[in-house]
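The sequence lines fix the lettering, A, B, ..., with proteins before strands; numbering per chain opens at 1.
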2 protein chains.
Amino acid sequence: MPYIASRVLERELKKGSAELLILSLVEDRPRHGYDISKLIETRSKGALKFNVASLYPLLYRLEKRGWIQGRWVEKAGQRRRRYYKLTLEGKKVLAAQRRGWRGFVEAINRITGMEHA
Amino acid sequence: MPYIASRVLERELKKGSAELLILSLVEDRPRHGYDISKLIETRSKGALKFNVASLYPLLYRLEKRGWIQGRWVEKAGQRRRRYYKLTLEGKKVLAAQRRGWRGFVEAINRITGMEHA
DNA sequence: ATGCTATATATGGCATTGCGATATATTATT
DNA sequence: AATAATATATCGCAATGCCATATATAGCAT
């Protein structure tokens, strides 16, 4: 029963940054859930992997809060997709979350002695 | 009912990095719980605040895993304190967690477009 | 035909766990 | 006498991440 610490850390950390990730990814263009999950995997080079059982409920929560707005898109020969776009309110939240993220990283680095990271 | 996004983010993120913070703080010298909680507050300039109802159970968990080792220190005119020191196993875990943290930050920055942060 | 993989969304339910609230104990300050 | 700071401890609720599973479509291999 080896305890793989860094993997645990990453799994735990992903939770808190999930909103920031999603909001960032729908910033430039509307995206559907599966697209978001794949983007997170590829852009992080496999370091982060979003479980769909976490992703979809989170998308619903963000939409309920009015940070993203979804609409169904039907296309022949394709399963229907729900594309989410960032709302005006969402833009403000994203800006705040980016500030929060930066401040948080600085705080952690200060405490753990990783200034130069 | 204003939704303070960055505060939510920080609270959520703190969870995952809690182990890294504690292990880092007992790296140079043994420290007791209250000391650790105060250090996190001061070194982060108030950005991070550890709830004691989270801190103490976490210390027990880390000790149970063998990453830190505690011992009671009694001193006249003082409430008894439990000083935790980093074990050999803990040192390895801390190194792995630091690598994990760095990789995680890089992954997030890549995904959210904050390379230059 | 059949099975497997990728795409795409959805959810029941369990297990984890963060934290508000509260408690106990000692010392110093007002 | 009351309050604040130091120091550790825990009950119990609420939040939520994810395993497992389900549904539906399309492409490709066997």
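The listed nucleotides are C:dC19, D:dT6, D:dC18; the one nearest the side chain of A:N51 is D:dC18. Nearest nucleotide to the side chain of A:Y34, out of C:dG18, C:dT7, D:dT8: C:dT7. Of the candidates D:dT8, C:dT9, D:dC18, the closest approach to any side-chain atom of B:H32 belongs to D:dT8. Among the nucleotides C:dA10, C:dT11, D:dA9, the one closest to any side-chain atom of A:W72 is C:dA10.
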For nucleotides 24-28 of chain D, tabulate all protein N/O to nucleotide N/O atom pairs closer than 3.5 Å, reporting atom names and distance.
residue: D:dA24; atom: N3; partner: A:R79; partner atom: NE; Å: 3.3

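Within the 4.0 Å cut-off from OP1 or OP2 of D:dT8, at least one side-chain nitrogen or oxygen of B:Y56 is found. Contact annotation: B:R61 side-chain N/O to C:dG18 OP1/OP2 distance is under 4.0 Å.
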Item to complete: May I have the step-by-step check of salt bridge (charged side-chain N to carboxylate O under 4.0 Å, His left out) for B:E27 and B:R98, ending in yes or no?
Response: CA-CA 13 Å; B:E27 190 185 14; B:R98 283 204 166 117; 3.1 Å; yes

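Rounded to an integer number of Å, the gap from CZ of B:F50 to P of D:dA9 is 16 Å. The NZ atom of B:K75 sits 16 Å away from the P atom of D:dT6 (whole-angstrom rounding). One atom, NZ of A:K49, and another, P of C:dA6, lie 10 Å apart when rounded to the nearest Å. Rounded to an integer number of Å, the gap from CD of B:E74 to P of D:dT8 is 12 Å.
A distance-only check finds a donor-acceptor pair linking the side chain of A:R82 to the backbone of A:G70 [under 3.5 Å]. Under the 3.5 Å distance criterion, the side-chain polar atoms of A:Q69 are left unmatched by any main-chain donor or acceptor of A:E63.
Map B:A53 and A:G33 each onto its nearest nucleotide of DNA chain C; the residue landing nearer the 5' end is A:G33.
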Tabulate below the donor-acceptor pairs under 3.5 Å that side-chain atoms of residues 87-96 of chain A make, not counting sequence neighbours, or state none.
residue: A:T87; atom: OG1; partner: A:G66; partner atom: O; Å: 2.6
residue: A:T87; atom: OG1; partner: A:W67; partner atom: O; Å: 3.0
residue: A:T87; atom: OG1; partner: A:G90; partner atom: N; Å: 2.9

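Residues A:E19 and A:L58 form a side-chain contact, since some pair of their non-hydrogen atoms from C-beta on lies under 4.5 Å apart. Counting only heavy atoms from C-beta outward, the side chains of A:Y83 and A:V26 never approach each other to under 4.5 Å.
Looking at heavy-atom distances under 4.0 Å, B:Y60 makes contact with sugar-phosphate atoms alone, never a base.
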